[in-house]
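Below: the structure, in structure tokens.
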Amino acid sequence: MDFKELVISKVKEKFNDFVVEITDFRGDLSIEIKPEKIVELSKFLKEEPELDFAQCIDVTAIDWAKRKNRFTTVYHLYSLSKNFNLRLKATIEDAKDPQIDSVTSVWQSANWYERETWDMYGIKFNNHPDLRRIYMPETFEYHPLRKEFPVMGIPGSLPLPQKEED
Amino acid sequence: MHKQIDINNDEKLLNKLLESDPDLTIEDALENEMIINMGPQHPATHGVLRLVLRLDGETVIKCVPELGYLHRGYEKMAENMNYYDYIPHTDRLDYTANLCNNVAYVLAVEKLAGIEVPERATYIRMIINELGRIAGHLVAVGTFALDVGAVTAFMWTFREREFIQNIFDQLIGARFTTSYTRFGGVASDATDETLKMIKEFLERFKDSFDEFERLLNTNRIFVERLDGIGILPKDDAIALGITGPILRGSGVEYDIRRAKPYMFYDKMDFKIPVYTECDSLARYFVRVDEIKESAKIIHQCLEQIKPGPVLANDPKKVLPYKDEIYTKMEELIHDFMLVNFGINPPVGDTYFSVENPKGELGFYFVSNGSGHPWKLKIRSPSFCNLQALPLMVEGQMISDVVAIIGSIDPVMGEADK
């Protein structure tokens, strides 16, 4: 049994009721899970010695614009000992006020990646230790990578520095 | 991009700085300790990185990096242009090694769209990739030495880098804004003259780089200044998702060229330098050794490269040559379709990462089958490596902060995207 099948069978064995979809496109294995189980699955993937996904190398999200479940968060994991990349996905059902549990308790590195995702997509990560914006100023009102945000920006949304009077 | 500089108005940031002891009020802290801003305009932060430091005397108690001063919205722009249009923008990510980014981007799109590349084009890509790595590392070690006060080393590395820029000028016609790679190959063939120029450079470079190493490696001021500062233990490096020379300087033998070989790296004979000291000096030695290994790879490529086409013949996805567009009907139609509507990769998402001078550069594409990506996420190594900075500087002297930033070698063009 190669490692890909092992990952699939291990995940199915434990989380069968919560796995939404497993895809294999161009050699990239991707597992979609119900959002409420994301932390549990992450912990399992990291701590199961046969899988050993010790590194979370990226967290991002996809804005599907017109779909009913608008946001999908995407996690890229890497197992150093097994040399294998895995992608986790979780589709958030609430489009108005998207929230998902943070995986920072499992992977420390997710801290900044989740801050970036919050900044760009406005997805709230519950239990995140320090959920501030990372690129845009704290006073900025929009989330720029959402599809409704125009490419040219919104005039006046970023105030220019005030000139100091002498 | 304007961000508020006045930290007294930035309540969340101050809370973050003071979070280590909750009983402390801001007034107390300001009386006994100092909160200072380092950057964004600071010569040693390699761009516009801003650090807010809380100091007790000269010791750093807490460090909070602030990013975003060079944020240009490259991921947003990618969603609104076709795959070809985006190649020039990849030059501007890590601008010290722009050819590596060009190569990484086209490899990622080729994986998504399923484009085959001719052998000669792959060899040319490997040569420029390694030359880019040498150039990037030369800037890294040169500015690193400059940060700790060794000005001569900086001059010498930039002199060598100038020769590499001349090679790019000869091969591509541009020194910095290269945009040389195309899907399915490269923009123009490497002439014999260029290959000879690369060979001559490598001959010369071996001696001059030895000289550079003799200047620094036995220099007590340089070595003792860096020895044992900016410690990043192995477990922390893995937990923080660190990649590249910093991870290898912390004793983890992980190089994507070896772990998940792309192009012809599986055919090449090269070593992966690993140091277990976990400090700033170890990171310097990793970079120096990698420069030598890159030179070895280029030598092997130059031996193995054979004449042949440098662009794939795949009219639905690869732009045809200009002279064929002007003389043949079919090619004209394909060119028109590609320029106006772009390549249409199948619906799906792929992640592809390469080993860049700074670490793992990854491109995550989500395609909905149209000519432009639905989403592009750039996993930039500088951004991810900067996350380890607070851990490295806390407990160190303020004068070491400069050296530690130099050893991480962030490029803000990439970190801020």
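Since this is a predicted model, take the numbers as computed values, not measurements.
- Distance CG/Leu386(B) to CH2/Trp112(A): 5.0 Å, rounded to 0.5 Å.
- If you tally non-hydrogen atom pairs under 4.5 Å between each of Ser353(B), Gly73(B), Ala113(B), Ala388(B) and chain A, the highest count goes to Ala113(B).
- Atom OG1 in Thr243(B) sits 7.5 Å away from atom CD in Gln55(A) (nearest 0.5 Å).
- When the heavy atoms of residues 67-86 of chain A are compared with those of chain B, the residues falling under 4.5 Å are Val74(A), His76(A), Tyr78(A), Leu80(A), Asn83(A), Asn85(A), listed by number.
- Neither the backbone nor the side chain of Asn368(B) comes within contact range of chain A; no heavy atom of the residue lies under 4.5 Å from a heavy atom of that chain.
- Within residues 374-383 of chain B, the residues that have a heavy atom under 4.5 Å from a heavy atom of chain A are Trp374(B), Lys375(B), Lys377(B), Arg379(B), Phe383(B), listed by number.
- Using a 4.5 Å cut-off between heavy atoms, Leu112(B) contacts chain A through both its backbone and its side chain.
- A distance of 9.5 Å separates OH of Tyr364(B) from CG of Asp58(A), quoted to the nearest 0.5 Å.
- Between Ser109(A) and Gly241(B), the closest heavy-atom pair is CB-N, 3.7 Å.
- Between the CG atom in Leu70(B) and the OH atom in Tyr135(A) there is a gap of 10.5 Å [rounded to 0.5 Å].
- Within a 6.0 Å sphere centred on CD of Glu116(B), heavy atoms belonging to other residues, nucleotides or ligands number 12 at most.
- Most heavy-atom pairs under 4.5 Å with chain A: of the set Gln387(B), Met77(B), Lys260(B), this distinction falls to Gln387(B).
- Residue pairs meeting the ring-ring contact (aromatic ring centres under 6.0 Å, His included) criterion with at least one partner in residues 143-163 of chain A, sequence neighbours excluded, are Trp118(A)-His143(A), Tyr142(A)-Phe149(A).
- Heavy atoms closer than 4.5 Å to chain A are found in the side chain of Tyr254(B), but not in its backbone.
- Within residues 12-50 of chain A, the residues that have a heavy atom under 4.5 Å from a heavy atom of chain B are Phe25(A), Arg26(A), Asp28(A), listed by number.
- A 4.5 Å side-chain heavy-atom check between Glu116(A) and Glu75(B) finds at least one atom pair inside the cut-off.
- When heavy atoms are compared at a cutoff of 4.5 Å, Asp416(B) approaches chain A by way of both its backbone and its side chain.
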Next item on the list: Would you sort out whether Glu79(B) and Lys147(A) count as a side-chain contact (heavy atoms from CB on, under 4.5 Å), showing the intermediate values?
Entry: CA-CA 9 Å; Glu79(B) 290 172 9; Lys147(A) 288 285 178 184; 3.2 Å; yes
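- No more than 12 heavy-atom neighbours from other residues, nucleotides or ligands sit within 6.0 angstrom of CD on Glu141(A).
- Taking both residues in full, the closest heavy atoms of Trp64(A) and Val366(B) are given as CH2-CG1, 3.9 Å, listed atom of the first, atom of the second, then distance.
- From Arg146(A), atom CZ reaches atom NZ of Lys76(B) across 11.0 Å, with rounding to the nearest 0.5 Å.
- The two residues Ile57(A) and Glu360(B) make their nearest non-hydrogen contact at CD1-OE2, 3.5 Å.
- For Val64(B) against Arg132(A), the heavy-atom pair with the smallest separation is CG1-NH2, 3.4 Å.
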